[in-house]
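Nothing fancy with the numbering, it's 1 onward along the sequence. The basis for the numbers below is simple: all heavy atoms, side chains too, and nothing from hydrogens, waters or symmetry mates. In this text, all values refer to a predicted model and were calculated from it rather than measured experimentally.
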Amino acid sequence: MATGNQVVNYARQFLGESSARFSDWYYGSQKYRAWAWCNVFVSYILQHCGVNFQKTAYVPAAESWMDSNYKWVKMSEAQPGDVIIFCWSGEGNNSGRGSRDHIGFLIANNGNGTFTTIEGNTSGSRVAIRTRSAKNIRKIFRPTYDGAAVPTVPTPTPAPQTSNNGLGLYTVTAPLNCRSGAGTGFPVIRTYPAGTPIRVLKIENNFGYSSGAGGWLCMDFLRPQSAASAPAVSSSGRPLGMYHVNASAGLNVRSGPGTGYRRVNFLKNGTPLRILKVSGDWGYSQGAGGWVCLSYCRRG
């Protein structure tokens with residue numbers, strides 16, 4: 001196993017990465033990279049550090065397991081490497097009350113009612129360092145650490161790319177880091193907001209180089225402008241864009257793409273939705289605040 005500080009330092013090595021490494025490890029497939037992965041990130045880090053933790057993608061299941069296997073510590077006693085369950089309902093303060101919405105690792109108690117954390121599936125679906133308020137902390141758990149060495153970050157096998165395949169004009173789809181080289185291991189030069197036009201001149205390891213941007217950007221967060229005239233289509237074949245709820249009884253909005261995820265909202269029949277990404281028969285709408293089953297929606 002490891003110490004809490006070693007686990008945090010190991011997690012830091014993945015800053016800026018998207019879901020690919022973690023979701024592919026958890027599901028054994030590339031099909032589920034659009035699914036919620038904050039708990040997958042925690043599972044990956046702890047299991048690769050040799051720390052006992054239930055391998056799960058579901059935050060409530062992780063909390064239930066930690067209730068039986070970890071120590072629930074006082075907020076004043078929290079240390080680096082502690083695992084935090086977050087609640088966005090604002091009933092937290094380490095009381096065990098409120099919703100169970102998210103999970104991550106503690107880096108530091110800032111002493112002013114805020115906490116520095118490292119989390120997956122945040123800040124544009126990336127690994128990032130965040131500052132969280134006490135009111136959004138449902139529980140803080142202490143894993144059993146023993147100080148053994150932690151592993152080095154495995155070097156991923158570069159995906160084969162044809163240097164002239166997919167070149168041209170793109171649009172940034174989410175806040176995106178521009179790096180000095182073709183990979184997340186290179187320093188961040190600047191971050192471009194969603195909507196920024198980018199001309200990609202060459203591609204290596206799923207990163208595109210733009211002289212105008214001044215560096216390399218991950219192709220997963222770039223949309224070809226040449227496809228703007230046609231309806232955007234997800235990898236599942238369902239088109240992105242405008243939908244309306246088509247269910248007389250209304251439609252549940254969930255925290256993830258499936259009925260096993262927590263209900264976070266409810267929409268009346270006829271409610272308009274802009275679907276930004278699709279996983280199977282489920283579509284994500286930022287306006288609705290979650291995922292809806294597209295079988296109960298109509299296009300347009």
Side-chain angles (χ1 to χ4, degrees), residues 18-20 22-46 53-67 83-92 96-104 117 119-128 130 132 136-139 141 174 234-238 240 243-247 249-269 271-297:
S18 61
S19 65
F22 313 105
S23 294
D24 293 1
W25 165 79
Y26 183 84
Y27 295 106
S29 170
Q30 298 180 6
K31 296 179 180 179
Y32 306 101
R33 292 181 176 182
W35 287 24
W37 56 279
C38 61
N39 214 122
V40 171
F41 172 71
V42 171
S43 295
Y44 181 97
I45 297 300
L46 291 178
F53 185 76
Q54 183 185 40
K55 185 177 179 181
T56 179
Y58 191 41
V59 174
E63 183 186 89
S64 178
W65 184 89
M66 289 190 290
D67 277 330
V83 179
I84 299 178
I85 302 290
F86 297 99
C87 65
W88 305 144
S89 58
E91 303 169 68
R97 295 191 299 270
S99 52
R100 295 172 292 185
D101 300 310
H102 190 56
I103 191 170
T117 61
E119 308 159 19
N121 196 24
T122 188
S123 295
S125 192
R126 298 281 177 170
V127 177
R130 304 298 303 271
R132 301 296 191 186
N136 295 127
I137 294 178
R138 175 183 161 88
K139 283 186 177 182
F141 289 100
S234 70
S235 58
S236 68
R238 284 188 178 270
L240 308 180
Y243 284 75
H244 285 77
V245 174
N246 188 31
L251 185 60
N252 289 329
V253 181
R254 298 187 179 273
S255 61
T259 56
Y261 288 88
R262 183 176 53 86
R263 192 179 81 166
V264 296
N265 200 357
F266 179 80
L267 304 176
K268 294 181 179 179
N269 189 29
T271 302
L273 298 163
R274 182 176 296 278
I275 299 301
L276 302 178
K277 56 184 176 181
V278 171
S279 178
D281 291 328
W282 291 76
Y284 176 78
S285 168
Q286 184 174 4
W291 295 80
V292 297
C293 181
L294 295 178
S295 299
Y296 298 94
C297 299

Exercise for the section: Give, for atom CH2 of W35 and atom OH of Y32, the distance between the pair rounded to the nearest 0.5 Å. Expected result: 5.5 Å
Problem - Distance-minimising heavy-atom pair for Y27 and A57 - result: OH-CB, 3.7 Å
Handout entry: side-chain contact (heavy atoms from CB on, under 4.5 Å) between C38 and E119, intermediate numbers included
Key = CA-CA 7 Å; C38 61; E119 308 159 19; over 6 Å; no
Problem - Heavy-atom donor-acceptor pair, S23 side chain to A20 backbone, under 3.5 Å - result: no
Exercise for the section: Say whether T56 and Q54, considering side chains only, have a donor N or O and an acceptor N or O under 3.5 Å apart. Expected result: no
Handout entry: Listed partners of E63 passing salt bridge (charged side-chain N to carboxylate O under 4.0 Å, His left out), at least two apart
Key = R100, R138
Exercise for the section: Grab the two heavy atoms, one from L294 and one from G283, that are nearest each other, plus how far apart they are. Expected result: CG-N, 3.7 Å
Problem - Rounded distance (nearest 0.5 Å) linking atom OG1 of T271 with atom OH of Y243 - result: 16.0 Å
Problem - Listed partners of R262 passing salt bridge (charged side-chain N to carboxylate O under 4.0 Å, His left out), at least two apart - result: D101
Fill in the blank from the handout: dist N136:CG -> I85:CD1 (nearest 0.5 Å) comes out at 13.5 Å
Practice task
Go through the steps for V127 and F41 under the test side-chain contact (heavy atoms from CB on, under 4.5 Å), then give the verdict.
Solution key: CA-CA 8 Å; V127 177; F41 172 71; 3.7 Å; yes
Problem - Within 45° cone of W282 ring axis and under 6.0 Å: K277 NZ or CZ - result: no
Problem - Residue from L46, V40, I45 passing side-chain contact (heavy atoms from CB on, under 4.5 Å) with V42 - result: L46
Practice task
First locate atom OG of S43, then atom CZ of F22, and finally report the distance between them rounded to the nearest 0.5 Å.
Solution key: 11.5 Å
Exercise for the section: Step by step, work out the side-chain contact (heavy atoms from CB on, under 4.5 Å) result for K139 and M66. Expected result: CA-CA 10 Å; K139 283 186 177 182; M66 289 190 290; over 6 Å; no
Practice task
Work out which heavy atom in Y261 is nearest to a heavy atom in S255; give both atom names and the distance.
Solution key: CB-OG, 3.5 Å
Practice task
Kindly check if the number of other-residue, nucleotide or ligand heavy atoms within 6.0 Å of OH (Y296) is above 12?
Solution key: no
Exercise for the section: Applying side chain to side chain donor-acceptor pair (under 3.5 Å), name anything that partners R126, two or more places apart in sequence or on another chain. Expected result: none
Exercise for the section: Under the side-chain contact (heavy atoms from CB on, under 4.5 Å) rule, what do F141 and D67 come out as? Steps first, then yes or no, please. Expected result: CA-CA 8 Å; F141 289 100; D67 277 330; 3.3 Å; yes
Practice task
Return yes if a side-chain donor-acceptor contact under 3.5 Å exists between S18 and W37, otherwise no.
Solution key: no
Exercise for the section: Spell out, as yes or no, whether a donor-acceptor pair under 3.5 Å connects the side chain of Y284 to the backbone of I275. Expected result: no
Handout entry: Spatial distance of atom CG (L273) from atom CG (L251) [nearest 0.5 Å]
Key = 7.5 Å
Exercise for the section: Please name the pair of heavy atoms, one in V292 and one in C297, separated by the smallest distance, quoted to 0.1 Å. Expected result: CG2-SG, 4.2 Å
Practice task
Go through the structure and list residues passing side-chain contact (heavy atoms from CB on, under 4.5 Å) with S89, not counting sequence neighbours.
Solution key: C87, E91, S99
Problem - Which residues share a side-chain contact (heavy atoms from CB on, under 4.5 Å) with A174, sequence neighbours left out - result: F221
Exercise for the section: For the residue pair W88 and F86, categorise the inter-ring angle as parallel (less than 30°), tilted (30 to 60°) or perpendicular (more than 60°). Expected result: parallel
Exercise for the section: Not counting sequence neighbours, which residues clear side-chain contact (heavy atoms from CB on, under 4.5 Å) with N252? List them please. Expected result: R254, R263, F266
Problem - Within-4.5 Å side-chain heavy-atom neighbours: S285 and L276 - result: no
Practice task
Can you measure from CD1 (I103) to CG (N39) and round to the nearest 0.5 angstrom?
Solution key: 4.5 Å
Problem - Contact summary for D24 and Q30, nearest pair of heavy atoms - result: OD1-CA, 3.5 Å
Practice task
Please report the closest heavy-atom contact between V59 and H102, naming both atoms and the distance.
Solution key: CG1-O, 3.8 Å
